[in-house]
Number of protein chains: 2
Amino acid sequence: MPRSPGQRAGLTHEAVLAAAREVFAERGLAGLSMRAVAAELGVAPNALYSHVADKTALVDALLDDQLAALAPPPPDAEPRDGLREVMLATYDLLGRHPDLVPLYLARQGARGPQARALGAAMTVLLGRLGLAEAEAGRVVRALIVSTLGYAALATADDANLRPPQLRADLEVTLDWLLRGATA
Amino acid sequence: MPRSPGQRAGLTHEAVLAAAREVFAERGLAGLSMRAVAAELGVAPNALYSHVADKTALVDALLDDQLAALAPPPPDAEPRDGLREVMLATYDLLGRHPDLVPLYLARQGARGPQARALGAAMTVLLGRLGLAEAEAGRVVRALIVSTLGYAALATADDANLRPPQLRADLEVTLDWLLRGATA
DNA sequence: TGGACGAACTGTACAGCGTCCAGTAAGTTG
DNA sequence: CAACTTACTGGACGCTGTACAGTTCGTCCA
């Protein structure tokens, strides 16, 4: 509903992020412009800059936000199963939002709180496999790199590389990595 | 040298690609606009469209072009060494052109002739390790995914993730993958 | 040899982008 | 009640990729 002019919109960082989420869901990454987000809020484009440093900061926030859909593996799970499950869930999530894959890789998305929480949960599981923290960090990175990489591959529309096929390949790859890391 | 008006520029696909290579080398991906390429050739921006479908096609060509700097592993190399060398050389190349990493991942750059040649040479080496062609393709993908993924990670300026450190991690990861694949 | 034809190129223009600047109006604090 | 801060608007700048229409050239065939 359009405010009467002279009224404040009462924006917040969260409101802007929510609008960005909406625009992204409806029109994809290509449709996610500052102007579109502003229009969604019924506000002039520049108004966003009171709540967000610039577009890349908004996109970063959106990237982490999307990870909220992923449940961290419980600490008492069988470690290998838990790790495989998160990674496959991540792969599936990215499959639903292929636009984001390059962004996660480019800025290595793992900066926000959601990403941190997932990383910490994975480190716990690797600890139960006997890995020290530094070593666990390296393995987490290896797992993530392959998962994001396969998700990126799945966005190319090559008949030989359908997402289910690649998902199976990813599963095998994760297995090799975990086996190598705990040998 | 500026042609006298009314003279043809005599552009070709290769000339456009060469200009794009030049602009990219000097001003990076952000500076690679159709206008910049056209200016480099002393030509109106739209002139490019007689030789290139659109910008993404030009960028695709540039991506494959850059791979020409990579020497395919000789077929008689020790397979594991040869594979590790190409992948590390790829990692090093991408380290010099971080801008391109997301693009390689997004369009899975491996469509052009250069990419195909590298893939074929890798498949030969994997064949000598006893892998059938389909299986070799999967392993090639796994290796590439990790290599590009680590290169992407290296573009994030995190003090804990310096390129040399990640290169070492990649080396270990490649080892795990090759070991897993040939077990 | 001339005339048609297609390709190459220019000029102009459009719609869109991120974001800066200056101004105004509202809310908050002394 | 006055001073100040914050949130927002209007307008603009410089840039993008590329579509459209028109002109000029090289080539090929009658």
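Naming: A, B, ... by sequence-line order, numbering from 1 per chain.
- In this view, B:Ser146 and A:Ser146 satisfy the side-chain hydrogen bond (donor to acceptor under 3.5 Å, both in side chains) rule, not counting sequence neighbours.
- Under the 3.5 Å distance criterion, the side-chain polar atoms of B:Arg27 are left unmatched by any main-chain donor or acceptor of B:Glu22.
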- request: Assess whether side-chain hydrogen bond (donor to acceptor under 3.5 Å, both in side chains) is satisfied between A:Thr173 and B:Arg138, documenting all intermediate values.
  value: CA-CA 10 Å; A:Thr173 295; B:Arg138 276 192 281 274; over 6 Å; no
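- Summarising the geometry, the separation between CE on B:Met34 and P on C:dT10 is reported as 14 Å, rounded to the nearest angstrom.
- Among A:Leu48, A:Asn46, A:Val23, the single residue meeting the side chain to side chain contact (heavy atoms under 4.5 Å, CB included) criterion with A:Met34 is A:Leu48.
- By the 4.0 Å N-to-carboxylate-O rule, B:Asp92 lies too far from B:Arg96 to be salt-bridged with it.
- In this structure, the NE2 atom of A:His13 is 18 Å from the P atom of D:dT6, given to the nearest Å.
- For DNA chain D, the neighbouring residues in residues 46-55 of chain B, judged by any heavy atom under 4.0 Å, are B:Asn46, B:Tyr49, B:Asp54, B:Lys55.
- Between the C1' atom of C:dC17 and the CG atom of A:Leu32 lies a distance of 12 Å, rounded to the nearest Å.
- At whole-Å resolution of the value, CZ in A:Arg35 and P in D:dG10 are 14 Å apart.
- Here ring pair (Phe, Tyr, Trp, His ring centres under 6.0 Å) pairs that include residues 69-98 of chain B, with residues two or more places apart or in two chains, are B:Phe24-B:His97.
- For the pair B:Leu29 CG and D:dT16 P, the computed distance is 13 Å after rounding to whole Å.
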